[in-house]
Amino acid sequence: QVQLVESGGGLVQPGGSLRLSCAASGSTFSGFRMSWYRQAPGKERELVAASTTAGRSTNYADSVKARFTISRDNAKNTVYLQMNSLKPEDTAVYYCNAFSWTGSYWGQGTQVTVSS
């Protein structure tokens, strides 16, 4: 089992940047595929970005390609989401997910609001 704690959300103006962090504890972090999801009000949760266990392969939702970057530091048990050129439509609660053969685990989420 693994516990996940997200941080780094907040209010930012359109065109601005934020970096989200997700700290993991309780299990071998390097064995988990790590992903970021988001859920806007009235919408379903959607995959934003994902990273393989070693971070050598990543994939992104079309809506965030070239603007968001997922990375992970297995030595620090942390996964990051660098978000640039933010748009109002990026406003959502962002969740960290860890997935392995043991199960799928979620953090509590962090709010990102993009507004002028």
Side-chain angles (χ1 to χ4, degrees):
Q1 197 169 5
V2 63
Q3 292 77 46
L4 303 171
V5 178
E6 301 100 333
S7 61
L11 173 64
V12 63
Q13 292 187 343
S17 298
L18 282 175
R19 188 175 83 152
L20 306 183
S21 299
C22 173
S25 62
S27 190
T28 306
F29 178 74
S30 60
F32 288 86
R33 171 185 169 96
M34 300 300 298
S35 303
W36 287 96
Y37 286 75
R38 68 185 181 188
Q39 188 166 20
K43 295 188 176 181
E44 294 186 353
R45 192 172 296 189
E46 63 173 352
L47 177 67
V48 175
S51 170
T52 54
T53 54
R56 293 191 181 96
S57 180
T58 58
N59 63 283
Y60 298 90
D62 288 343
S63 59
V64 307
K65 281 181 181 176
R67 299 189 298 122
F68 290 11
T69 303
I70 186 171
S71 61
R72 61 190 294 166
D73 186 336
N74 286 348
K76 295 183 177 179
N77 290 355
T78 302
V79 62
Y80 305 97
L81 185 67
Q82 178 66 44
M83 305 186 295
N84 299 328
S85 303
L86 283 161
K87 304 175 181 180
E89 51 264 43
D90 294 319
T91 295
V93 178
Y94 284 71
Y95 297 90
C96 176
N97 175 268
F99 178 83
S100 78
W101 65 272
T102 66
S104 180
Y105 307 94
W106 296 91
Q108 82 288 350
T110 185
Q111 176 70 46
V112 171
T113 302
V114 185
S115 175
S116 56

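Note that the coordinates shown come from a computational prediction; the quantities given were computed from them, not determined experimentally. The residues of the chain are indexed from 1 along the displayed sequence.
- Taking the side chain as every heavy atom from C-beta outward, Ser71 and Ser51 never approach each other to under 4.5 Å.
- How far OH of Tyr95 is from CD of Glu6: 8.5 Å, rounded to the nearest 0.5 Å.
- Within the 4.5 Å cutoff, no side-chain heavy atoms of Val12 are placed close to those of Ser17.
- Within the 4.5 Å cutoff, no side-chain heavy atoms of Ser30 are placed close to those of Thr53.
- Note that OG1 of Thr52 is 7.5 Å distant from CZ of Arg33, once rounded to the nearest 0.5 Å.
- For the ring pair (Phe, Tyr, Trp, His ring centres under 6.0 Å) condition, the pairs that include at least one residue of residues 34-91, sequence neighbours left out, are Tyr37-Trp106.
- Here the shortest heavy-atom pairing between Ser21 and Thr78 reads CB-CG2, 4.3 Å.
- A continuous path of hydrophobic side-chain contacts links Tyr105 to Ile70 [ILVMFWY only; heavy atoms under 4.5 Å].
- Criterion: ILVMFWY side-chain heavy atoms under 4.5 Å apart, direct or through other members. Under it, Leu47 and Val93 are part of a common hydrophobic cluster.
- No more than 12 heavy atoms of other residues, nucleotides or ligands sit less than 6.0 Å from atom CD of Glu44.
- Residue Leu20 comes nearest to Gly9 through the heavy atom pair CD2-N, 3.6 Å, listed as atom of the first residue, atom of the second, then distance.
- In this structure a side-chain-to-backbone donor-acceptor pair under 3.5 Å is present from Arg72 to Phe29.
- Side-chain contact between Arg38 and Ser63 is present, with at least one heavy-atom pair separated by less than 4.5 Å.
- Considering OG of Ser104 and CZ of Phe32, their distance stands at 9.5 Å, rounded to 0.5 Å.
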_Candidate pair Lys87 and Asp90, rule salt bridge (Lys or Arg N to Asp or Glu O under 4.0 Å), full reasoning_ = CA-CA 5 Å; Lys87 304 175 181 180; Asp90 294 319; over 6 Å; no

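- The distance from atom CE of Met34 to atom CG of Asn77, rounded to the nearest 0.5 Å, is 9.5 Å.
- Once rounded to the nearest 0.5 Å, the distance linking OG of Ser116 with CG of Leu11 reads 9.5 Å.
- Side-chain contact check for Thr102 and Ser100: at least one donor-acceptor pair (N or O, by modelled atom type) lies under 3.5 Å.
- In this structure, CE in Met83 is found 11.0 Å from OG1 in Thr69, a value given to the nearest 0.5 Å.
- In this structure the side chain of Gln111 reaches within 4.5 angstrom of the side chain of Thr91, judged on heavy atoms.
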